[in-house]
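Everything numeric in this text was worked out from a predicted model, so none of it was measured.
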Amino acid sequence: METDLRLESSLWIGNKRYRAVLTGWHFNWTEVDKKNRNKKTISVPVAEVVGVEEGRVEILPHKSVEDSDKDFTVCYVKRSSSGGSYGLLWRLGRTQFSCPSRVLRDQWIKHLRTALKTHSPLRPHRLLVFINPFGGKRKGRQIYHSLVAPLFELAGISAHVTVTDRANQARDYLLKKDLTGFDGVVCVGGDGMFSEILHGLIGRTQQEAGLCENDPSVTLQPCPLHIGIIPAGSTDCVCYATVGVIDPVTSALHIIIGDSQPLDVCSVHHASALVRYSVSLLGYGFYGDVLAESEKHRWMGPLRYDYSGTMMYLSNRSYAGIVQYLPADPLLSSPRDKTRCLSGCSVCSRSTERLFPHSADSASMCSSHFSQLSCDSEDEWVSIKGQFRCVSLTCMSSSCPKSPLGLSPSAHLADGTGDLIVVWDTHPLGFLKFLYRHTNTQDQFDLPFVEVHRVKAFRFFLPSDKEEEGYEEIGSLSGTVDKEERVCSVETVSRTGSQQYLVDREVQREKPNEQKTASSFLCGLCCSKAPAVSVWNCDGEILPFTDILCSIFSFCRNIPNITI
């Protein structure tokens, strides 16, 4: 196919004459004054042209077309300030050109569309879209049909849309249905919807490859489909940490032009079984308690997180545990080196070359540190034992509007590592200072009771003197369960989510006809016996286990979301 599609002529925008030039890779138009002198030039990469339409066309907020034999409209990506976020808002730029003749108009349209096909081969043509109508402010359906669908139509993308009406519907669809012909999967929702689709695609790929996800030593296979995110949830952490802004139009335009960003994924195992995958937060202690408390107040919407966070801070809990981790190479990067991982990050690029030194197409392969774990000596693991306010692992910065720099500002998206954050038991005011620093630019790690380590893997378990007490408490919260049944229940929890666990927990803890007063509630925050164990918060899902083994692996091409 011809790669140098050159076309040049005079075009008009309103009453002004422009010299327009298509060079294959760029489309430029320069204003020309009456003395034929060049003035301002606008240049748009062909890869960022969204669509070319006949006539004078408006797309947003409502599509309208004014037929004209000599006019055509070029729509393209236009960047603007994001008003404080570290990313850029993308908007749909639109310029209407007039030609001297219809023949020239048709020639421009043909050349521009041919250039699009030639220089944008990775653009999606057919997408599978899942909309969560209940996430965030319950505007997922409206966001898609009013802002995203018109852009997909303009770009010539066909979409098969499913509005979900139950938890894990999207995951079950991806596990069982025929996905032939689709170039990617788009979720319109929040982090929970993204996680659901991620689990579906990874699980299906491993099933088709005949691999057992429960085996920690297995190197997982890459997925052939990309995942795109249209933010419509409560926090949209994954979207914010990767794109830099929470904006449906920006994400839709990234999807259209075929942008792709690799992501690290953390697998979580318990009792020799895979529990879940995580891409943002895996947190025990404070973060687990906040999620468990917030599930009781879902009627509050996003405000439930602020309320639950306040309640859990006032409860002043800490938990005993043993943390063991496998350190990453400190010469490659550090969680406190003040770098910011964005598209094209040099650290992630070097890590890709290191992980795949013999691969001609390293972008299409995946790597797992689990294969290294079997070879590593136990002497390489570092162990920490004590009383902790919280223990968390994040594979990205986990930034969001309320925490612009995130849990770990220098975490990388695709270097095959995660940042382990350990907060020791401390005075309540000290812990409040740690939490507050997440909302500003102060270093939350610059505190004597906080440690952060870049790791390839980590494991957590209770001290031997706490194990029986912990198991008894978990049993009292979710019913009497012996050890064998706990192992068998792992899959049930990971597939049904946290709701049933919380219902069972409340049934056991609440006494019939007992009336709670404000005074007894406030007293309970200070005087009630603190629980011996917490739960894990895994990307917004509760894991009612304490002992886990985690490892980070990098899907260098096929588990990224297209939107980044």
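- For Arg79 and Glu48, the salt-bridge test passes: some basic side-chain N is under 4.0 Å from an acidic carboxylate O.
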Step by step, would you call Val423 with Val391 a side chain to side chain contact (heavy atoms under 4.5 Å, CB included)? CA-CA 6 Å; Val423 181; Val391 175; over 6 Å; no

Apply side chain to side chain contact (heavy atoms under 4.5 Å, CB included) to Gln261 and Leu413, showing your working. CA-CA 8 Å; Gln261 168 63 53; Leu413 295 169; 3.8 Å; yes

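- The shortest heavy-atom contact between Asn132 and Thr164 is CA-OG1, 3.7 Å.
- Using a cut-off of 4.0 Å between Lys/Arg side-chain N and Asp/Glu carboxylate O, Glu153 and Lys63 are scored as salt-bridged.
- In this structure, the side chain of Asn537 does not engage the main chain of Leu291 through any donor-acceptor pair within 3.5 Å.
- The closest side-chain heavy-atom distance from Leu435 to Lys433 is not below 4.5 Å.
- Closest heavy-atom contact between Pro231 and Ile246: CB-CG2, 3.6 Å.
- Ion pairing between a basic and an acidic side chain is recognised when a charged N comes within 4.0 Å of a carboxylate O; Asp172 and Arg166 show such pairing.
- Residues Leu281 and Cys237 form no side-chain contact, since every pair of their non-hydrogen atoms from C-beta on lies 4.5 Å or further apart.
- Between Leu282 and Ser392, every side-chain heavy-atom pair lies at or beyond the 4.5 Å cut-off.
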Begin from the C-alpha positions of Asp539 and Arg276 and carry the test salt bridge (Lys or Arg N to Asp or Glu O under 4.0 Å) through to its verdict. CA-CA 9 Å; Asp539 290 355; Arg276 288 189 72 83; over 6 Å; no

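- Side chain of Arg204 to backbone of Lys177: a donor-acceptor contact under 3.5 angstrom is found.
- A donor-acceptor pair is defined here as one N or O able to donate and one able to accept, closer than 3.5 Å; such a pair exists between the side chain of Tyr313 and the backbone of Pro428.
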Working for side-chain hydrogen bond (donor to acceptor under 3.5 Å, both in side chains), residues Thr394 and Ser398: CA-CA 7 Å; Thr394 180; Ser398 294; 2.7 Å; yes

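- For the pair Pro409 and Gln444, the minimum side-chain heavy-atom distance is below 4.5 Å.
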Criterion side chain to side chain contact (heavy atoms under 4.5 Å, CB included) on Leu127 and Ser158, from CA distance to verdict: CA-CA 6 Å; Leu127 295 173; Ser158 63; over 6 Å; no

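- The backbone N or O of Ser308 sits nowhere less than 3.5 Å from a side-chain atom of His297 that would complete a donor-acceptor pair.
- Contact between Val186 and Ile230 at its shortest, heavy atoms only, is CG1-CG1, 3.8 Å.
- Leu549 has its side chain out of reach of His270: every pair of non-hydrogen atoms, C-beta onward, lies at least 4.5 Å apart.
- Here the side chain of Arg171 pairs no donor or acceptor atom with the backbone of Glu196 at under 3.5 angstrom.
- Although no hydrogens or angles enter the test, the distance criterion places a donor-acceptor pair under 3.5 Å between the side chain of Thr250 and the main chain of Trp90.
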Between Glu58 and Arg94, is a salt bridge (Lys or Arg N to Asp or Glu O under 4.0 Å) present by the stated rule, with each step listed? CA-CA 8 Å; Glu58 294 274 1; Arg94 179 182 56 85; 3.0 Å; yes

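- Side-chain N or O atoms of Ser403 include one that pairs as donor or acceptor with a backbone N or O of His438 at under 3.5 Å.
- No donor-acceptor distance shorter than 3.5 angstrom exists from the side chain of Gln442 to the backbone of Arg437, with no hydrogens or angles considered.
- Minimum interatomic distance between Leu175 and Gly200 (heavy atoms only, all atoms of both residues): CD2-O, 3.5 Å.
- Within the 4.5 Å cutoff, the side chain of Val129 has no heavy atoms near those of the His160 side chain.
- When all heavy atoms of Ala252 and Phe152 are compared, the pair lying nearest together is O-CE2, 4.1 Å.
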Before giving the answer on side-chain hydrogen bond (donor to acceptor under 3.5 Å, both in side chains), spell out for Tyr277 and Glu213 the whole-Å C-alpha distance, their side-chain angles and the decisive distance to 0.1 Å. CA-CA 10 Å; Tyr277 295 107; Glu213 295 175 274; 2.6 Å; yes

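- Between the side chain of His254 and the backbone N or O of Asp259 there is no donor-acceptor pair closer than 3.5 Å.
- For Phe431 and Phe286, the ring centers are positioned less than 6.0 Å apart.
- Environment of CZ in Arg91: crowded, with over 12 heavy atoms of neighbouring residues, nucleotides or ligands closer than 6.0 Å.
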List the steps and the verdict of salt bridge (Lys or Arg N to Asp or Glu O under 4.0 Å) for Lys402 and Asp306. CA-CA 11 Å; Lys402 290 187 177 181; Asp306 295 331; 2.7 Å; yes

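- Looking at every heavy atom in both residues, Ile157 comes nearest to Pro124 through CG1-O, 3.4 Å.
- Inter-residue side-chain proximity for Leu543 and Ile548 is flagged as unmet; no heavy-atom pair is nearer than 4.5 Å.
- Between Trp536 and Phe460, the angle of the ring planes goes over 60°, which puts this pair in the perpendicular group of the 30/60° scheme.
- Ser397 has its side chain within reach of Arg340: a pair of non-hydrogen atoms, C-beta onward, lies under 4.5 Å apart.
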Hey, mind stepping through Asp289 and Arg389 against salt bridge (Lys or Arg N to Asp or Glu O under 4.0 Å) and telling me if it holds? CA-CA 11 Å; Asp289 292 346; Arg389 281 300 185 102; over 6 Å; no

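- Checking side-chain atoms of Asp264 against main-chain N and O of Asp415 turns up a donor-acceptor pair under 3.5 Å.
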Tyr240 and Asp191: CA distance, side-chain angles, deciding distance, side-chain hydrogen bond (donor to acceptor under 3.5 Å, both in side chains) verdict: CA-CA 10 Å; Tyr240 192 89; Asp191 296 330; over 6 Å; no

